[in-house]
Amino acid sequence: MSTGDMVVVAVFAACGGGVLALAGIAGLRQSRRIERTGTKAWALVKRSPGARDDEPSPPRPLLQFTTEDGRVVEIVSPVPATRRRPLRDGGTLLITYDPADPATVVVHNRERRLLDYGFIAAGALVALLALLLAGLVAR
């Protein structure tokens, strides 16, 4: 690989790492903003309309809740069901929603902060590798 090719790869890797890190930061920031300024509500876990009883439950069922102004909102769960913490039909979850956009919710005790931190760490690692590559090219 020529020096010019290495520089191009380093620049693209640094940009990709920056995008990964920014995605993680944006996710954390949005979750924290909603938790700080949002409104709490209890959401009902529902099966998708038209789903049969003998079908396995979907990984992301519907959540239905009522806003402070009385609107009924139904959204797809922002977090998937897991074996340890299934989202069973008819169950309830505590959520915090954004009053300006009730479709934006954070499910309590199911936040995916680890995923956001993973994006930040992966982005920082890729950017660091790009810097090391650029340092090798400069020699």
Side-chain angles (χ1 to χ4, degrees):
M1 216 184 230
S2 71
T3 304
D5 292 341
M6 295 274 271
V7 169
V8 169
V9 168
V11 168
F12 276 113
C15 291
V19 168
L20 278 173
L22 286 174
I25 290 168
L28 280 175
R29 192 170 182 209
Q30 180 177 3
S31 294
R32 288 181 179 151
R33 180 188 61 81
I34 292 170
E35 288 173 344
R36 191 176 57 251
T37 63
T39 304
K40 290 182 177 18
W42 286 97
L44 175 68
V45 179
K46 295 177 59 177
R47 293 180 71 91
S48 299
R52 297 188 324 252
D53 289 338
D54 59 341
E55 290 179 349
S57 53
R60 292 183 189 252
L62 298 175
L63 299 180
Q64 182 181 26
F65 62 96
T66 305
T67 62
E68 283 185 325
D69 59 359
R71 288 183 291 160
V72 175
V73 178
E74 193 170 275
I75 60 166
V76 175
S77 174
V79 294
T82 62
R83 275 190 223 153
R84 282 189 326 146
R85 301 174 96 180
L87 296 173
R88 291 191 175 91
D89 187 33
T92 57
L93 295 171
L94 183 61
I95 63 167
T96 302
Y97 67 91
D98 183 358
D101 180 17
T104 306
V105 302
V106 172
V107 180
H108 286 261
N109 297 324
R110 290 182 185 248
E111 298 92 354
R112 302 192 70 194
R113 288 196 177 113
L114 189 59
L115 182 65
D116 291 330
Y117 285 125
F119 269 96
I120 294 169
L125 182 63
V126 170
L128 179 65
L129 290 174
L131 287 174
L132 289 173
L133 183 61
L136 290 174
V137 170
R139 283 185 167 193

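In this structure, Tyr97 is not a member of the same hydrophobic cluster as Ile34, with clusters built from ILVMFWY side-chain heavy atoms closer than 4.5 Å. At a threshold of 4.5 Å between side-chain heavy atoms, the hydrophobic network of Ile, Leu, Val, Met, Phe, Trp and Tyr places Leu93 and Val73 in one connected group. By the criterion of side-chain heavy atoms lying less than 4.5 angstrom apart, applied directly or through intervening Ile, Leu, Val, Met, Phe, Trp or Tyr residues, Val11 is grouped together with Met6 in one hydrophobic cluster. Linking Ile, Leu, Val, Met, Phe, Trp and Tyr residues whenever their side-chain heavy atoms come within less than 4.5 Å leaves Phe12 and Val126 in two separate clusters. Following chains of ILVMFWY side-chain contacts shorter than 4.5 Å, one can reach Ile75 starting from Val45, so the two form part of one hydrophobic cluster.
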Item to check | Evaluation steps, side-chain contact (heavy atoms from CB on, under 4.5 Å), between Val9 and Leu133 | outcome: CA-CA 8 Å; Val9 168; Leu133 183 61; 3.8 Å; yes
Item to check | From CA spacing to verdict: side-chain contact (heavy atoms from CB on, under 4.5 Å), Leu62, Ser77 | outcome: CA-CA 6 Å; Leu62 298 175; Ser77 174; over 6 Å; no
Item to check | Val107 vs Leu63, side-chain contact (heavy atoms from CB on, under 4.5 Å): CA-CA, chis, key distance, verdict | outcome: CA-CA 10 Å; Val107 180; Leu63 299 180; 4.2 Å; yes
Checklist entry - Do Asp98 and Arg33 pass the side-chain contact (heavy atoms from CB on, under 4.5 Å) test, and can you show the C-alpha distance, the side-chain angles, and the key distance before you say yes or no? => result CA-CA 9 Å; Asp98 183 358; Arg33 180 188 61 81; 3.3 Å; yes
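Among residues at least two apart or in separate chains, there is no side-chain hydrogen bond (donor to acceptor under 3.5 Å, both in side chains) pair with a member in residues 12-22.
Atom CG of Leu131 sits about 11.0 Å away from atom CG of Leu136, to the nearest 0.5 Å. The structure places CD of Gln64 at 12.5 Å from OG1 of Thr92, a figure rounded to the nearest 0.5 Å. In this structure, the separation between CD on Glu68 and NZ on Lys40 is 11.5 Å, given to the nearest 0.5 Å. Atom CG of Asp116 and atom CZ of Arg29 lie 13.5 Å apart (nearest 0.5 Å). In this structure, CD1 on Ile25 lies 11.0 Å from CG on Leu20, to the nearest 0.5 angstrom.
The nearest pair of heavy atoms linking Arg60 to Val79 is NH1-N, 3.5 Å. For Ala10 against Ala130, the heavy-atom pair with the smallest separation is O-CB, 3.3 Å. The heavy-atom pair separating Lys46 from Asp89 by the smallest distance is CA-OD1, 3.4 Å. Taking both residues in full, the closest heavy atoms of Pro80 and Leu87 are given as C-CD1, 4.2 Å, listed atom of the first, atom of the second, then distance. Here the closest non-hydrogen pair linking Pro102 and Phe65 is O-CZ, 3.2 Å. Of all heavy-atom pairs between Ile120 and Ala21, the closest is CG1-O, 3.8 Å.
Taking the side chain to side chain donor-acceptor pair (under 3.5 Å) definition, one finds that Asp101 meets it with Thr104, sequence neighbours left out. Taking the ring-ring contact (aromatic ring centres under 6.0 Å, His included) definition, one finds that Phe119 meets it with nothing, sequence neighbours left out.
Put simply, the side chain of Arg71 never gets that close to the backbone of Thr66: no donor and acceptor are under 3.5 Å apart.
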